[in-house]
Novice: 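Starting off with a structure, shown below.
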Amino acid sequence: MNKIGVMTSGGDSPGMNAAIRAVVRTAIFNKMEVFGIRRGYQGMIEGDIFKMETTDVSNIIQRGGTILKTARSKEFMTLEGRAKAYAQLMQNGIEGLVLIGGDGTFRGANVFFEQYPIPAVGLPGTIDKDLAGTDFTIGFDTAVNTAVEAIDKIRDTADAHNRMFVVEVMGRDAGYIALNSGIACGAEDILIPELRTDIHLVIQKIKEDVRRKKNVHLLVVAEGDDFGGAEDVKKALLQDLPEADVRVCILGHIQRGGAPSFADRVLASRLGFAAVNALRAGKHQVMVGQINNEMVLTPFAEVVKQKAIIPADLQAMTYVLST
Ligand code: F6P
């Protein structure tokens, strides 16, 4: 294999640039040509493809976002879109692909490669950490640190006013950011999509805390919680506790930006290096993940099929430590 393409797709995540750098430099070191595909599958369809050199990835390891840009492509969901994408790859002589993205990227890959079996290796790039086959995803650590920094600040003002705060963090289908930032910030409750939210229990706990003169309540809710987002939780709280002084803070896209943490830079570098070596070794249609500090390959289909389970000990610990 002499010519490979690399792209980032779906929601960007801090550390994607470090991954691109590792892919480009490992490929060129091994005498391969590398082509950057801009804006994910959409750029593939439109032929937004350019040859990359080692200098194109200088001075990017510390930057958030992605120099290759990203997109969520509706056109790629159509047969015509995928046919155009394949034609562009053929026209550019691309023989293998490195895909950096999350759930949507690997779902797209599965459908595409069923029709067009081009060798491809994926890298888990998403702040949500909602993929099987890896302990961590590129960007998760940075996003949680960003959330923790913000929630700590919110706690200062909540404490000053004896206020209740409902903080909404990202995670459309996954509660990892909520769970981890909530534990790290000592949240009074954490609401995540993986566990059914019983709002009556949440309110009962707050009432007990108020009786014990615990006046500050910080609830962290994942945007995809089954009960709803922070505004829905606030509404429910006020129905039962009309006197409560409740504020909502939605952290939103600040969680996706910023300089990647050292952990994300190292993870992205290791995964990028391993991805090119996997392609060279003839390992295809797999995602490279890190499990127990080892590089592990998992077929695309399994990566998106399995949903993560929140360990019971973490649930129990969160309850005890927040009382
Ligand atoms: O990339 C994952 C994610 O940040 C989710 O947590 C969030 O629901 C979604 O992307 C937001 O996507 P967009 O930026 O397209 O609104």
Side-chain angles (χ1 to χ4, degrees), residues 7-20 38-43 63-77 99-109 122-134 136-151 166-182 184 190-195 197 220-233 248-261 264 267-268 271 287 289 300 303-304 307-308 310:
M7 71 175 210
T8 48
S9 161
D12 59 310
S13 65
M16 278 183 162
N17 280 327
I20 297 166
R38 290 195 193 89
R39 294 176 293 117
Y41 291 122
Q42 194 54 40
R63 283 168 51 194
T66 157
I67 60 160
L68 290 179
K69 310 279 181 179
T70 187
R72 301 189 197 275
S73 172
K74 288 215 171 75
E75 200 179 347
F76 194 74
M77 292 176 192
L99 313 173
I100 309 169
D103 191 63
T105 305
F106 297 120
R107 279 181 204 285
L123 264 68
T126 165
I127 62 164
D128 286 354
K129 203 177 92 66
D130 56 347
L131 294 169
T134 190
F136 293 99
T137 55
I138 298 165
F140 170 70
D141 182 72
T142 307
V144 174
N145 281 314
T146 300
V148 165
E149 199 185 328
I151 299 169
V166 189
V167 183
E168 183 178 303
V169 297
M170 273 188 165
R172 202 170 16 211
D173 308 301
Y176 285 103
I177 299 176
L179 183 68
N180 287 278
S181 60
I190 303 168
L191 314 184
I192 55 175
E194 290 85 348
L195 302 173
T197 296
V220 176
V221 52
E223 64 176 328
D225 184 63
D226 55 304
F227 182 77
E231 289 292 353
D232 303 299
V233 174
V248 159
C249 183
I250 298 174
L251 297 188
H253 287 78
I254 65 159
Q255 293 160 97
R256 285 237 299 258
S261 65
D264 277 327
L267 176 70
L271 292 173
M287 185 195 82
F300 287 145
V303 165
V304 291
K307 273 284 157 204
I310 305 291

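First listed ligand is number 1; within each ligand, the first listed atom is number 1.
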Novice: Just to be sure I understand the cut-off, which residues have at least one non-hydrogen atom under 4.0 angstrom from an atom of ligand 1?
Specialist: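 Residue list for ligand 1: G11, R72, I127, D128, M170, G171, R172, E223, H253, R256.
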Novice: Within a radius of less than 6.0 Å around CZ of F227, do more than 12 heavy atoms belonging to other residues, nucleotides or ligands occur?
Specialist: yes
Novice: Please name all residues satisfying side chain to side chain donor-acceptor pair (under 3.5 Å) with R72, sequence neighbours left out, ordered by chain then number.
Specialist: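 R72 satisfies side chain to side chain donor-acceptor pair (under 3.5 Å) with no residue once adjacent residues are dropped.
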Novice: Taking side-chain contact (heavy atoms from CB on, under 4.5 Å) as the definition, give me every residue that meets it alongside T142, ordered by chain and number, with sequence neighbours left out.
Specialist: P14, T146, P260, S261, D264
Novice: Test of understanding: with side chain to side chain donor-acceptor pair (under 3.5 Å), list the residues that count as partners of S73, not counting sequence neighbours.
Specialist: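 Per chain and number, S73 pairs via side chain to side chain donor-acceptor pair (under 3.5 Å) with Q42.
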Novice: Can you tell me how the ring of F76 sits relative to the ring of Y41, calling it parallel under 30°, perpendicular over 60° and tilted otherwise?
Specialist: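 Rings of F76 and Y41: parallel, as their planes differ by under 30°.
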Novice: If every non-hydrogen atom of D128 is compared with every non-hydrogen atom of R172, which pair is closest and at what distance?
Specialist: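 So the two residues come closest at OD2-N, 4.1 Å.
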